[in-house]
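Just below is one structure, and these are the notes that go with it.
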Amino acid sequence: AQATAGERFLPAERPHAPPTSPRAAHSEADRPGAMTVGTEPAQPSGGKTQMKVEWCKVYSVLVALCICYFGKYFCTSDMYVVQQRFLKGEGVTAAQLSALFAVGYFASMFGKVAAGAMCDAVGGRFVVLLAVGGYATATVLFSLVPPGASYSFPAYVVLWGCIGFFALGLAWVSIVAMATNWIPKEYLGRLMGLVSMAPQLGDATARLCLASVLHLGWRSVFQVSAAVAFGVALPVLLFIGNYPPLTATWAPPRRKSMMSNQSRSETITKYITRLRTLVANPFLWVLCLLSGSLYGTRVLFLLYSTTFLSSAYCRGAPDMDSCLEENHTLAASATASSAYTLLGCVSVLLVGFLKDRLPTRHRGATLTIFVAPLFGILIFLTCFGPDMPFEVAAATVALIGFCLFGPYKVLGAVFAIDVGGKELKATCTAFMGVFDNLFAILLLIAKGFLGGDWSTIFGALTMLSFVSLACASSVWLGDLRAHRRASARTMDPSRPLLLDAA
């Protein structure tokens, strides 16, 4: 229950570890808890253990894992890029496409649950292999479904659900599980912060690369995506183990998994008691609403930003339908939509910087100062829709990415600990994840019914962003109130106090 975010994914035993000598086993069991990377023996210095750091090896592993994760975005962003061709070529309606996307996110909920259990049981490397094989194979099969057959659309739904399960469900959890095995515990936070940039960079890279092969047709784009996904995963699957070599004495300490039936029963009882307190805390539901509203808006722009930009690109064209399917239109919108996730990367870095620099009572400001401009931008889009120059539309979409990604990322990393504590941080994050997927599914279904009515769509998102702004302001005010209470008790105004989880 006291495990950190990184330790949650560590199995109790190292699978398939070769036997060691009694002396090596003794030194492994009695290692100090805090070590840095290295294979050289420890040298005492002032009572502390010092190790030579092999940063080259650690960074190489993290880079390979991030590049492997890029493949997931080739197998999901391919549909976002080619959806206009897919709609017309396969006779699929906008409502059916939204339902297709919703099925993917629904399947991903089961994938996330399965990924956590499998990573704990057999290690992240096996789950990475399963995820890559699953979403790449499903992408190839998706491109081979014959057009016009009576079973074509049901086959598309099933295969996109598989892609959602493997790509949106298994992939990220398994990458985190492997990465945390290779990162020294004392550097876990800062290095995992860099790894968390992979989703934004992966989506932008996929859109930029796939824009150059759109002229081949949507089926070829899917096949290229699957080939890239297999290719970028090979270094991880061939050269990187689930754990560092046994000669590396820095590996994070693992929890003991064996406990008596009485201890297990006591742990379950304590968990249920804490869970009841957590569910009764209104701050949990404020966080869930904020997380779900931000994530739903983020997903809708992630999936449909290319469609919106294409509408702006073809504004005033004599033949709108033909213009939307032209190669230059699709390439321009795919390239411009990559700025959505690229500025999202900048947002994540900036929010992380502000979180470390601002005093505790103003942590909520990192949410409000980003969500407030988002509300204003969506009001602007509600008034004008796609009836604006393409450059203005592209800049607007990029700014929305800047306002969305940072606040969403900081919710689970910081505020989930405030309300759930270390014992229930994962449970709090799971509640937020359920709300995330629920909002995403509901918004995708609504988009399917509304079709290309962008003014109504943006109007709904404006109301949703108002909910986000109200929740973010509530979090900030809660921090300020907690600080005033702490100041009144201690007579020391400079002493901050975290929000009371109880």
Side-chain angles (χ1 to χ4, degrees), residues 5-6 8-9 58-81 104-105 107-108 111-112 114-116 118-119 123-139 162-183 188 190-210 222 224-242 295 298-299 302 338 340-342 344-345 348-349 401 405 408-409 412-413 433 436:
R8 288 202 314 272
F9 297 98
V58 175
Y59 280 120
S60 297
V61 169
L62 296 183
V63 169
L65 288 173
C66 289
I67 294 176
C68 173
Y69 188 65
F70 285 6
K72 166 239 177 167
Y73 280 95
F74 277 84
C75 291
T76 54
S77 297
D78 50 3
M79 176 58 83
Y80 314 154
V81 171
Y105 279 94
S108 73
K112 290 174 183 177
M118 286 191 291
C119 287
R125 186 176 181 275
F126 171 79
V127 185
V128 169
L129 173 64
L130 182 64
V132 172
Y135 60 67
T137 302
T139 300
C162 292
I163 293 173
F165 180 87
F166 291 109
L168 302 176
L170 297 186
W172 178 245
V173 177
S174 59
I175 291 294
V176 170
M178 283 192 70
T180 51
N181 288 347
W182 283 84
I183 298 175
L188 185 64
R190 69 193 75 174
L191 292 183
M192 282 306 297
L194 296 176
V195 174
S196 68
M197 305 293 290
Q200 290 80 22
L201 293 175
D203 180 69
T205 301
R207 290 173 187 259
L208 290 171
C209 293
L210 294 178
F222 269 62
V224 169
S225 298
V228 171
F230 273 124
V232 296
L234 286 178
V236 172
L237 302 179
L238 295 178
F239 304 113
I240 298 178
N242 199 44
Y295 185 77
R298 176 176 173 263
V299 165
L302 188 69
S338 65
Y340 173 73
T341 45
L342 287 176
C345 291
V348 172
L349 292 175
F405 280 82
Y408 176 75
K409 287 289 184 180
D436 291 349

Atom of Ala206, atom of Ser77 and distance for their closest heavy-atom approach:
CB-CB, 4.1 Å
Please name all residues satisfying salt bridge (Lys or Arg N to Asp or Glu O under 4.0 Å) with Asp203, sequence neighbours left out, ordered by chain then number.
Arg207
In this structure, are over 12 heavy atoms from other groups packed under 6.0 Å from Phe126 atom CZ?
no
Distance, nearest 0.5 Å, that separates OH of Tyr59 from SG of Cys66:
12.0 Å
Rounded to the nearest 0.5 Å, what's the gap from OH on Tyr135 to CZ on Phe230? Could you check?
9.0 Å
Of all residues at least two apart in sequence or in a different chain, which pass the ring-ring contact (aromatic ring centres under 6.0 Å, His included) check with Phe165?
none
Straight-line distance of Cys75 SG to Phe222 CZ, nearest 0.5 Å
8.5 Å
Quick check on side-chain contact (heavy atoms from CB on, under 4.5 Å): which of Leu62, Leu65, Thr180 does Val195 satisfy it with?
Leu62
Rounded to the nearest 0.5 Å, how far does CD of Gln200 lie from OG of Ser338?
13.0 Å
To check you understand the geometry: which heavy-atom pair defines the closest contact between Leu201 and Thr205, and what is its length?
O-OG1, 2.7 Å
Close side-chain approach of Val299 to Asp436, heavy-atom, < 4.5 Å
no
Whether Trp182 side chain and Gly241 backbone form a donor-acceptor pair below 3.5 Å
yes
Does the side chain of Leu170 come within less than 4.5 Å of Leu130's, by heavy atoms?
yes
Is there a side-chain contact between Phe405 and Pro199 in this structure, where contact means two heavy atoms from C-beta onward sitting under 4.5 Å apart?
no
With a 4.5 Å heavy-atom cut-off, do Leu168 and Lys112 have their side chains touching?
no
Test side-chain contact (heavy atoms from CB on, under 4.5 Å) on Leu302 and Thr341; report intermediate values, then the result.
CA-CA 8 Å; Leu302 188 69; Thr341 45; 4.1 Å; yes
With the side chain counted from C-beta on, respond yes when Ile240 and Arg125 share a heavy-atom pair under 4.5 Å apart, and no when they do not.
no
Rounded to the nearest 0.5 Å, how far does CD1 of Ile163 lie from NZ of Lys72?
12.0 Å
Using 0.5 Å steps for rounding, measure from the CG atom of Leu210 to the OH atom of Tyr73.
14.0 Å
